[in-house]
Amino acid sequence: MWADLFTGSVLVGLLSSGIRLATPYLYAAIGETFGQRSGVLNLGVDGIMLMGAFSGFYVVFLTGNLWLGLLLAIIVGAIMGLAMAFISVTLNAEQGISGIGVYLFGLGMSDLLFQKLVNNVETVRGFQPLHIPLLSDIPVIGEIFFQQNILVYGAYLMVPIAWFVINKTTFGLKMRAVGENPEAADTLGVSVAKVRYLTVTFGGIMSGIAGASLSIALLNVFQQNLTNGLGFIAIALVYFGGWRPGWVLIGSLLFSMVNSLQVWVQVIGIEIPSDIAVMMPYLLTIVVLVISAQRVRQPKALSKAYERMD
Amino acid sequence: MTEQELLPSGHPKIHHLEMKNIVKRFPGVLANDHVHFDIKAGEVHALLGENGAGKSTLMKQLYGLYHPDEGEILFDGKSLRISSPADAIRLGIGMIHQHFMLVDTLTVAENVALGLPSSRGMLTDLDKVTERINELAKLYGLDVRTDALIWQLSVGQQQKVEIIKALYRGAALLILDEPTAVLTPQEVDDFFVILKQMAAEGHSLIFISHKLHEVMAFTDRVTVLRDGKNVGSVQTKDTDKRQLAEMMVGRQLKPAKLLDQSQIGQPRLEIKGISALNDFDSPALNCIDLEIRAGEILGLAGVSGNGQPELAQVIAGLRNETGGTILLDGKDITKATPEELIQIGVAFIPEERNRDGLIREFTVSENIILRDLNSGFYSKKGFLDMPSIAERSKSLVAGYKVKTPSIDTPMKSLSGGNAQKVILARELSRNPKVLIAAQPTRGVDIGATEYIHDMIIQQRSAGTATMLISEDLDEILALSDRIAVIFHGEIMGIVDRADATPEKLGLMMAGERIGEEPEC
């Protein structure tokens with residue numbers, strides 16, 4: 001039975017879906033990395049993903065227009081990111097608690113809208129694999145890497161972009177300073193609030209896209225709690241990645257590969273209780289976090305509201 | 001503009017800056033009451049005053065962090081409004097805060113570049129920033145590695161980064177808020193060399209301090225503030241430390257006098273062969289033998305980190321000893337819990353008052369009653385007795401001269417000296433038999449220090465056996481009847497006050513033993 005896993009076609013399928021499944025993790029975790037580098041812990045990622053997933057799904061369900069669906073997911077994500085920024089930056093609320101509030105709102109609201117507006121198991125035709133001349137036709141390699149849809153490529157493209165913005169731009173410098181020592185940034189005329197609003201709103205947009213990538217690119221359905229806690233794993237990946245996009249990528253791939261393995265184990269019919277198989281990625285989360293704990297120091301001002309001292 | 005108008009950094013000098021009739025009110029406080037201050041190019045001007053005298057408030061208005069309610073700020077005769085730090089920077093004012101405003105995880109160059117427009121638009125231009133830093137560093141003799149991360153630098157080097165940051169932004173006038181507080185003596189010397197050069201080249205330097213010897217050694221003029229008002233402005237060469245101290249405090253300081261020792265009684269606290277471990281489980285105390293008599297102050301001198309806090313904690317019941325016994329009036333209290341020790345009459349003023357002595361978020365009155373909550377003074381059948389708490393707190397606040405708007409003010413808004421007075425009120429108001437006072441005046445201004453010393457001496461007259469732990473030799477010499485010196489967790493010897501000189505104590509503090517080896 002186990003040997004079936006190591007046949008060529010299964011391995012190709014396993015790797016190909018592993019690459020694909022990293023997409024939502026990447027969007028959400030890269031977005032969250034920005035917020036956290038500036039000192040805001042947004043635990044609402046999963047809720048924003050659910051809202052993004054539903055709004056994207058619903059637009060596609062009604063109109064069939066994928067790009068319009070993605071746009072709405074982005075807008076909804078931005079609005080929820082702004083809300084999180086307003087609560088945690090302007091109102092100086094405890095970030096952990098306000099994030100949980102945003103999560104619960106997204107969880108409940110997405111389900112409510114789904115039941116009111118759809119209330120049926122419906123599928124949509126999501127983003128289809130792109131056919132890239134030559135590359136897609138390479139045996140094995142092409143199947144694994146170059147028969148994915150555009151949101152998958154977009155997710156991987158975000159990694160170098162994020163690295164560049166964080167390390168090479170004036171905005172990235174401000175963001176790192178604000179997350180580490182907001183008081184120092186303030187005395188140099190950097191607006192802590194402005195930087196945090198931008199990063200948290202960007203994080204919201206990325207979470208919205210992450211949600212849409214599930215509902216209109218990977219799974220092409222919506223149901224209650226579609227994300228199943230994926231947003232929380234994305235937050236864990238930010239820690240695992242030590243707030244660096246490259247390592248976030250490695251963490252995302254690790255999880256998506258285990259996820260993919262778990263799916264294929266069930267597909268082939270290897271006799272492991274399915275509950276245990278499904279549990280694997282979550283178990284891995286805990287193990288990885290324990291191992292990676294304290295490997296990299298977190299931004300010093302993470303989850304701390306900033307008020308100017310008088 | 002002629003050549004002489006420019007500083008080496010290429011920015012114009014500020015010939016004359018004047019703050020006129022500045023009034024700044026906060027709720028319930030008149031922080032600045034028609035204050036006048038002025039400084040010329042090339043001048044080093046000390047702003048002297050006790051905590052709460054209004055120095056920082058005045059300077060924050062110059063740096064745009066606060067805005068004056070009345071009065072004006074004149075630049076070379078022109079009245080200008082400074083509405084934000086960005087405005088101040090544009091006008092050529094820089095401020096070096098007491099706690100450095102640096103981002104630890106960024107490099108020197110990144111810290112300097114932070115918040116400045118880049119020549120490459122959205123992208124950083126650290127190579128150009130580095131070039132300019134090196135130019136400035138050469139001009140002013142500030143050697144720093146631009147690619148070093150801040151946390152890798154010593155405190156002295158970090159301060160140089162702060163100066164470069166200000167110069168890079170074109171500062172012609174620098175506000176230095178207690179700049180030497182965190183430096184070693186060697187670093188202080190280096191720092192003054194740099195500042196003298198900057199002044200000679202035409203920078204204006206405002207030096208906020210309460211270290212009188214530095215003010216005397218280094219400044220041209222001194223302005224003294226007290227209770228938000230100008231006391232006076234004098235040329236440094238025409239004054240001396242004593243006059244400045246009296247201007248700060250507003251009255252004559254009492255000359256130090258040797259204490260009358262006639263009331264010293266029987267041994268009260270006997271520490272016999274105490275050993276203990278530190279927080280990392282390595283030996284911190286080795287066979288400490290000390291005896292303190294009723295009505296006596298034993299000074300425990302020593303350089304920081306030689307076991308002082310551990311000894312205080314063992315006596316106060318907060319750390320387990322690994323050997324030895326402690327007797328109070330002949331009774332063994334070695335294993336007593338802090339609660340029992342409070343009942344017996346052991347009072348403790350901890351070294352880290354904000355961490356171990358107070359709950360900063362609690363109110364003044366809550367902090368006052370904390371220690372006696374178990375004793376039933378302030379509760380009836382488990383309920384807090386609010387009227388008696390209020391009454392008691394008010395009388396202690398008045399009795400110990402704590403400056404606070406009310407007894408319901410959070411502790412964290414009190415100054416260091418007033419916070420320490422609250423601890424004193426709590427610990428001394430029950431007439432303790434034994435007082436352990438660790439660094440009781442660290443970070444406390446002259447007026448409050450004098451008051452705290454008076455209270456300790458008053459306890460001595462009442463028969464309390466006091467251990468005064470201090471790193472300040474002047475304080476030890478002013479108050480102690482006998483002086484013990486601790487080094488590497490051992491007592492190097494005990495001398496009578498009359499035989500003690502700073503030189504002798506200094507040698508013992510460096511590890512020279514005058515007594516016998518401990519026998520444990």
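So you know, we letter chains A, B, ... as the sequences are listed, proteins then strands, and number each from 1.
- Here the closest heavy-atom approach between residue B/Pro85 and residue A/Thr187 is recorded as CB-O, 4.1 Å.
- The local environment of CD1 in A/Ile150 is sparse, with at most 12 non-hydrogen atoms from other residues, nucleotides or ligands closer than 6.0 Å.
- Under the 4.5 Å side-chain criterion, counting only non-hydrogen atoms from C-beta, B/Leu114 is in contact with A/Lys174.
- A 4.5 Å side-chain heavy-atom check between A/Arg176 and B/Val103 finds every atom pair outside the cut-off.
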For side chain to side chain contact (heavy atoms under 4.5 Å, CB included), just list the numbers for A/Thr170 and B/Arg120, CA-CA rounded to whole Å, side-chain angles, deciding distance to a tenth of an Å, and then say yes or no.
CA-CA 9 Å; A/Thr170 52; B/Arg120 298 203 186 99; over 6 Å; no
Determine whether A/Leu188 and B/Arg169 satisfy the following criterion, side chain to side chain contact (heavy atoms under 4.5 Å, CB included), listing intermediate values before the conclusion.
CA-CA 10 Å; A/Leu188 295 176; B/Arg169 286 165 170 71; 3.6 Å; yes
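- Side-chain atoms of A/Arg297 and B/Thr105, non-hydrogen and from C-beta on, do get closer than 4.5 Å to each other.
- Counting non-hydrogen atoms of neighbouring residues, nucleotides and ligands closer than 6.0 angstrom, the NE2 atom of B/His99 reaches no more than 12 such neighbours.
- Heavy atoms closer than 4.5 Å to chain A are found nowhere in B/Asp125, neither backbone nor side chain.
- The distance from the CG atom of B/Leu123 to the CZ atom of A/Phe164 is 4.5 Å, given to the nearest 0.5 Å.
- Checking side-chain atoms of B/Thr124 against main-chain N and O of A/Lys168 turns up a donor-acceptor pair under 3.5 Å.
- Residue contact with chain A, scored on non-hydrogen atoms closer than 4.5 Å, is absent for B/Ala88.
- With a 4.5 angstrom heavy-atom cutoff, B/Tyr63 touches chain A only via side-chain atoms.
- When all heavy atoms of B/Leu102 and A/Asn181 are compared, the pair lying nearest together is O-ND2, 2.8 Å.
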